[in-house]
Protein chains: 2
Amino acid sequence: MKLEELKTPAFLIDLPRLKANVQMMKDRARNQSVSLRPHVKTHKTAEIARMQTAEEFPGITVSTLAEARFYQESGFEDITYAFPITVNKLDEAAELTTKVKIFNILLDQPQTFSAVEAYGREHGITFNVFLKVDCGYHRAGVDPSKRESVQLARNLADSDFIQFKGILTHAGHSYHCHNPIEVIEIAEQERDVMVQFARSLREDGVDCQTLSIGSTPTAVHAPGWQGIDEIRPGNYVFFDKFQADIGSCQTKDVAARVLTTVVAHYPDHNQILIDAGALALSKDLGADHLDNEIAYGGVSGHPNLKLFSISQEHGLITSNDPLDFQKFPVGSLLQVFPNHSCLTAALFPEYHVVENNRVIDRWVPMRGW
Amino acid sequence: MKLEELKTPAFLIDLPRLKANVQMMKDRARNQSVSLRPHVKTHKTAEIARMQTAEEFPGITVSTLAEARFYQESGFEDITYAFPITVNKLDEAAELTTKVKIFNILLDQPQTFSAVEAYGREHGITFNVFLKVDCGYHRAGVDPSKRESVQLARNLADSDFIQFKGILTHAGHSYHCHNPIEVIEIAEQERDVMVQFARSLREDGVDCQTLSIGSTPTAVHAPGWQGIDEIRPGNYVFFDKFQADIGSCQTKDVAARVLTTVVAHYPDHNQILIDAGALALSKDLGADHLDNEIAYGGVSGHPNLKLFSISQEHGLITSNDPLDFQKFPVGSLLQVFPNHSCLTAALFPEYHVVENNRVIDRWVPMRGW
């Protein structure tokens with residue numbers, strides 16, 4: 001099928017670029033002797049998760065219990081649900097614990113530990129649990145410098161209804177960086193905080209089986225992972241404008257595109273209307289901490305075009321210079337690479353897989369919670 | 001079913017508030033003798049569209065051709081596809097023209113007119129076409145002050161393969177207002193531009209059957225619609241934080257909520273983690289032209305709480321004062337009213353209908369393009 005035969009807007013995956021990105025991260029993990037447990041929330045498909053794990057470590061990371069169920073049904077046997085568990089999700093987590101060969105959950109609250117242990121005792125089930133650690137992002141996790149964090153790890157290790165799997169962090173503050181030099185600093189902090197905390201635990205007699213870290217920027221740039229067991233990047237399969245802007249990749253590496261139609265020309269306002277709006281792109285502002293102008297994505301092959309405004313189904317493009325409208329005929333196609341591919345992909349009920357400008361496959365992601 | 005039995009995050013619709021909002025707009029339309037052709041893109045369900053049209057004008061407005069197909073299959077017989085048509089969508093539009101009793105499309109480009117006419121001639125089909133007019137929003141539409149806009153209307157009216165239905169506009173710049181006084185000015189502009197343009201057309205011998213306008217802010221506040229035939233507001237069924245912030249409604253009128261669980265307490269950072277992130281709320285910044293602090297939604301019943309940060313599945317709440325964590329136990333529920341209910345609703349595969357704190361129904365919206 002030709003691109004021209006697709007309904008727009010459509011989500012395109014450039015297969016050669018996807019494969020190259022998948023291989024790049026496999027190579028980095030293998031060269032540094034860490035396990036790669038990719039976060040599949042970026043795409044939520046069985047197809048890409050199989051590519052990411054093929055002939056390597058079989059584990060994956062998910063962001064919702066619905067993803068965990070989907071991947072269990074798709075044959076995955078080692079799944080970490082990397083969002084802190086709550087009591088109202090324990091029934092589902094227990095079912096997954098019995099169905100999946102290895103199903104890991106995580107927590108960082110003493111009262112959640114008590115609830116998980118009580119649930120395990122009542123239902124005769126042993127949960128695999130990571131302790132979530134805050135390595136500086138300050139979104140979630142225990143403070144590794146605090147005595148009570150060591151105590152919570154000890155409680156996990158001592159429980160009869162919990163298998164303490166180790167410690168896990170996410171250096172999400174790498175997304176606040178301006179360039180790879182800053183990312184490397186965060187990557188070293190991410191590693192050092194975890195290695196140091198594991199040492200504190202071991203000195204206290206708490207064995208720490210697995211040290212798990214990972215964000216795409218730090219996974220791309222980390223100079224080394226001594227002492228670390230596994231990494232959990234996700235976005236790298238597609239990358240996006242954000243990652244290109246902070247230096248995690250080059251624009252040419254972005255494997256995700258939104259195909260859109262030029263709908264109208266408005267020369268008086270130096271504007272072009274396209275049929276990709278907020279429901280096709282998401283309203284993620286991208287790397288708005290950089291000094292860039294606001295844009296809701298980049299237009300492939302046309303760096304001078306600015307996608308400056310989106311509403312539900314409308315997108316408006318302008319330029320600092322007078323637009324050459326003849327280059328963009330009404331009815332012709334453009335490709336937008338998204339600011340944040342995870343959020344953009346999540347808006348589409350299907351992905352079109354493209355190689356040599358032909359649509360060669362169609363992958364259906366899972367949705368919901 | 002109790003709210004506590006729902007998986008979180010979940011999309012809730014407060015049924016009494018929804019009914020009140022639906023009735024409010026019906027009353028406004030009836031009192032002003034205009035037809036209400038609601039824009040159903042806000043919810044994309046058959047259930048709410050039936051409520052909106054029951055015992056009134058049967059017409060609806062849609063934002064995608066997939067919506068048009070869904071509503072045709074759901075028994076709706078008068079549908080306006082309110083996004084400018086392009087050549088690659090004419091096959092679908094033609095099929096809908098044959099299947100739906102009244103199916104209207106719109107355009108604003110001379111070359112699109114030529115393409116529609118050529119398609120009609122080739123396939124022996126007559127399209128119902130509105131001319132899209134720019135009343136000051138500058139997103140789409142012809143400039144009504146220009147001679148070539150009158151000429152385009154004349155071409156539409158003269159075509160043998162087009163039934164010229166009239167002129168249509170959307171005063172989206174009402175969303176840039178700060179208060180109802182400013183919205184009333186936009187509403188008068190929206191009406192006056194259209195009435196004046198229709199007069200120009202009639203003076204030129206072009207009969208203008210229907211004058212169609214509408215945005216939720218102007219539909220709520222317009223002092224009168226003399227000369228106007230139909231209004232097309234959509235968001236009013238749910239309203240949201242944006243509409244409350246600019247004065248289209250009060251916070252108590254917002255019928256849409258995202259149910260979320262308190263996941264963790266971080267007293268050192270004065271933060272609460274919830275399980276509603278960007279995939280449950282959208283990254284719409286709401287009325288960020290007002291002097292409000294950035295927030296990704298309001299927390300129902302707790303105006304002091306600030307939802308200041310969201311990532312894919314995480315939401316972080318803080319407050320200007322030290323949080324009273326005991327009021328928000330880990331595992332307890334909160335309800336967030338969204339910044340932009342259209343974009344938030346679009347993220348959920350199902351809606352839970354709530355009355356007296358009980359879930360009494362489940363509605364499934366359509367998705368995709």
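All values reported here derive from a predicted model rather than from experimental measurement. Heavy atoms only: backbone and side chains are in, while hydrogens, waters and symmetry mates are out. Chain letters run A, B, ... following the sequence lines, proteins first and then strands; every chain starts at 1.
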Proximity of B:Phe11 and B:His352 rings by center, below 6.0 Å: no
Chain A interface, residue from B:Leu6, B:Thr261, B:Val87 that has the most non-hydrogen pairs under 4.5 Å: B:Thr261
Validation row, ring centre B:His314 to ring centre A:Phe83 under 6.0 Å: yes
Leading residue by heavy atom contact count with chain B [cutoff under 4.5 Å; candidates A:Glu350, A:Gln271, A:His265]: A:His265
SB check B:Lys41 B:Glu67 (cutoff 4.0 Å): no
Contact origin within A:Leu316 toward chain B - heavy atom pairs under 4.5 Å: side chain
Centroid-centroid distance, A:Phe130 to A:Tyr81, less than 6.0 Å: no
Leading residue by heavy atom contact count with chain A [cutoff under 4.5 Å; candidates B:Glu5, B:His269, B:Arg367]: B:His269
Polar side chain donor-acceptor pair, A:Ser145 to A:Asp143, under 3.5 angstrom: yes
Interface moiety of A:Ala280 toward chain B, non-hydrogen atoms closer than 4.5 Å: both
Among B:Leu333, B:Asp275, B:Leu273, B:Val142, residue most engaged with chain A (heavy-atom pairs, under 4.5 Å): B:Asp275
Between B:Lys7, B:His138, B:Gln111, the one whose heavy-atom pairs under 4.5 Å with chain A are most numerous: B:His138
Chain A contacts, top residue of B:Ala10, B:Ser311, B:Ser309 (heavy-atom pairs, under 4.5 Å): B:Ser311
Most contacts with chain A, counted as non-hydrogen pairs under 4.5 angstrom, among B:Glu4, B:Arg139, B:Glu92: B:Arg139
